[in-house]
Student: 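The structure that follows is given in the form of structure tokens.
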Amino acid sequence: MGSTSRAAAFAAAVLQAGLSGALAREAAPADREVAGKVDALLARMSLEEKIGQLTQIAGGAFPPGNKPEEALRRGGAGSVLWLNDTRRFNELQRVAVEESRLRIPVLFALDVIHGYRTIFPVPLGMAASWDPEVEEKAQEIAAREARAAGIHWTFAPMVDIARDARWGRIVEGAGEDPYLGAAMAAAQVRGFQGPTLGAPDRLVACAKHFAAYGAAEGGRDYDSVYVPEGLLRNVYLPPFRAAVEAGAGTVMSAYMDLNDVPATANRFLLRDVLRGEWGFQGFVVSDAFGVGNLVAQGFARDRRDAARRALAAGLDMEMASGAYPEHLAALVRDGAVTMAQVDAAVRPILAVKMRLGLFNRPYVDESRVAQVLATPGHREYARVAAQRSMVLLRNEGAILPLRRSLSRVAVVGPLADSRADTEGSWMVFGHVPAAVTVLEGIRNKLGPAARVDHAPGPDIRRDVPSFFDQFLPGRRKPAQTPAEADAAFAQAVETARGAELVVMVLGELANMSGEAASRASLDLPGRQQELLEAVVRTGKPVVLVLVNGRPLSINWAAEHVGAILEAWHPGTEGGNAVADVLFGDVNPGGKLPVTFPRSVGHAPLYYARNLTHQPEGSPMYQSRYWDGPTTPLYPFGYGLSYTTFTFSGLRLERPEVRVGETVGVSVDLENAGRVAGDAVAQLYVHQRSGSDSRPMRELKGFRRATLRPGEKGTVRFSLGPAELGYWSTRHGKWVQEPAAFDVWAGGDSTAALHAELTVTP
Ligand code: NOJ
């Protein structure tokens, strides 16, 4: 074979393995040993005990009257969720291991999303770091803490691509882009699980919600999703695939209908793609009550039908709805479900328990918990993660960084001093917020010599209460009367008036994003906009710190407020990290992982759209709306710094490559300012013609780099079949095609530095 045809054959193999084929994995000796033990155990299990392993039950006080011991004693539950109590873990484990017939240990699961005791920025904020290493390390710490407390399995990472800012759960993922999303998904799996499933002090990860939950129509949580296969494969699935390739032990199915087939019983997703194409070896758990829900979805006739169809589709473990224990045994006896189907679902669950070592070490060491949770390095790292997640959106007249010599600062707004809202969503399992708020961070930074006044202004609250607030007793204050709100408003303006400079901390409460927390508006909720305008009218310099879980259309602020720092819900050390950035101890280097629309009417808005009809910018299409620009308020990948970076010299190793070959791409960057800082070099491509139309830009590489003042560097990327191929609707498979490509590199998705690449047959 000549070298070119060898290269082509290799490329074809890469394409096959990397883009379309099943991941052929040889069973390692350890795998074979586990498989042997699993089969031996399976042979001793009754049908009821097998179904028990497929059943996940609640372990806490919800639902009311819950008695997990009964199920565990008869081998009726394989996993327990919604419990966060180390002593109880051991109590329940003792029932499973000492009182049940086969002594199979129970797997304790909890949503450890962005930290356990030490809380990191919400996942959207972590993605804004564009730093998978930080994400990995953060989840490693989360795993260490949660595992020390007795948890084995986390329902994370959430890897749903979200392009509609109304959707509340946009906060739980890495934003709008499959390439960034895949990098963050893999990093989180590595962080949670370590090098192998069962590594000490780690958790089992769960990539959720499979799949395309983020495309809920209208951004309404749980609503149906209609996504054509091309979009599904090119955009929504890559982060799941990355999580599976990184070794994720489990996958959670989504709630909603995907193209009219509920994800809970979606054979195409769970069997054809996940196992058939990707070679997934772990197990699939439903989302909570998902199997029972198949009836409400108008899919299953009744709960028996739901259990049969979910299992047949490849749903192994049922979360909390109880349809499996109610009906599976009868279904097997009636011949509607085979024992082989049941065994196939039980096997990977037992295998996970064995790999974790639970059969040998079922209990958690209660004496270690406090010490692990108090590890000082954990909080320090939460501060680093928060620093890296912050995005500087505006800095007119270099108002930031602030002088330390400020003697009187007002910190104003309902989010300035709220620990719970500094930490963000998912803190519902008895977590006591321990965050440093922005107010405290600024006070810590300025010390006793400066006067730092605080006024919260009027409260903000959800018009429709959150279901999850019932699990946060005492955290939500009673509603203010209109007179109290007016007084708070006046006091906030007065406080601002007395200061040299005002830091306004505005945005959203933790319960305004997350599950069942979608919004029909992207404006600042409550009277925050009015308060912001009133404070700006005082003539004092104003810095706006945003604490929020989704893009907000802050158009007025983007024109009238000197500086805007997007802090997300920054976690335990959030306030200190904000102060580090405001006072210039840290130069912000985060970039937006989501487009900021100008109006809710823009949603869904994302950068990787197709070019349709007329290029944007042509005279006929100044905007696709006549009542305002189509352009985003802030584009994907955007973020400022206290220094300036210049990108230059974008070059390809060679201008032409064949299908299947890989080409190196380099771009030079220079810190042209006077302070050290971080740039994120971003590489985008566009295929100009092909079997399908392709998005006008797609991210295909990124690197966050720190440069000293005046320092120059070169970032190298490569473009090969994985970056240049796509799933073609025309062909119904992965392809890489000969075509001309535009290549751009720079600091955000509007990067202008351009080169051309030709891919030949
Ligand atoms: C429902 C949510 O959709 C899911 O993300 C979560 O992991 C489960 N409940 C368990 O709490």
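In each ligand, atom 1 is the first atom listed, and ligand 1 is the first ligand listed.
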Student: Quick one: does Glu172 get a heavy atom under 4.0 Å from ligand 1?
Tutor: no

Student: I'd like to know if the side chain of Trp167 pairs up with that of Asp221 as donor and acceptor (distance under 3.5 Å, no hydrogens or angles considered).
Tutor: yes

Student: Could you check whether atom CZ of Arg309 has more than 12 heavy atoms from other residues, nucleotides or ligands sitting under 6.0 Å from it?
Tutor: yes

Student: Consider ligand 1: state whether an atom of it lies below 4.0 angstrom from any non-hydrogen atom of Met158.
Tutor: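 Contact check Met158 vs ligand 1: negative.
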
Student: Asp316 and salt bridge (Lys or Arg N to Asp or Glu O under 4.0 Å): which single residue from Lys50, Arg275, Arg347 fits?
Tutor: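 Between Asp316 and the candidates, salt bridge (Lys or Arg N to Asp or Glu O under 4.0 Å) is satisfied uniquely by Arg275.
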
Student: For ligand 1, which atoms, with element, lie under 4.0 Å from some heavy atom of Tyr255?
Tutor: 1 (C), 3 (O)

Student: For ligand 1, which atoms, with element, lie under 4.0 Å from some heavy atom of His209?
Tutor: 3 (O), 4 (C), 5 (O)

Student: Just distances here: any N/O of Lys208 and N/O of ligand 1 closer than 3.5 Å?
Tutor: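 Yes - when backbone and side-chain N and O of Lys208 are compared with those of ligand 1, one distance drops under 3.5 Å.
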
Student: Taking side chain to side chain donor-acceptor pair (under 3.5 Å) as the cut-off, I'd like each qualifying pair that reaches into residues 190-199, sequence neighbours left out, listed once.
Tutor: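 Matches after skipping sequence neighbours: Glu136-Arg190.
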
Student: Is it true that Arg117 and His431 share a donor-acceptor pair across their side chains at a distance under 3.5 Å?
Tutor: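 No.
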
Student: Taking heavy atoms and a distance under 4.0 Å, where does Gln56 meet ligand 1: side chain, backbone, both or neither?
Tutor: neither

Student: Would Glu508 and Arg519 count as a salt bridge (charged side-chain N to carboxylate O under 4.0 Å, His left out) here? Give the steps.
Tutor: CA-CA 11 Å; Glu508 298 178 316; Arg519 292 185 66 195; 3.1 Å; yes

Student: Could you tell me which atoms of ligand 1, counted from 1 in the order shown, lie closer than 4.0 angstrom to a heavy atom of Trp82?
Tutor: 10 (C), 11 (O)

Student: Considering Thr154, Asp111, Asp287 one by one, which has a heavy atom nearer to atom 7 (O) of ligand 1 than any of the others?
Tutor: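 Comparing heavy atoms across Thr154, Asp111, Asp287, the nearest one to atom 7 (O) of ligand 1 lies in Asp111.
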
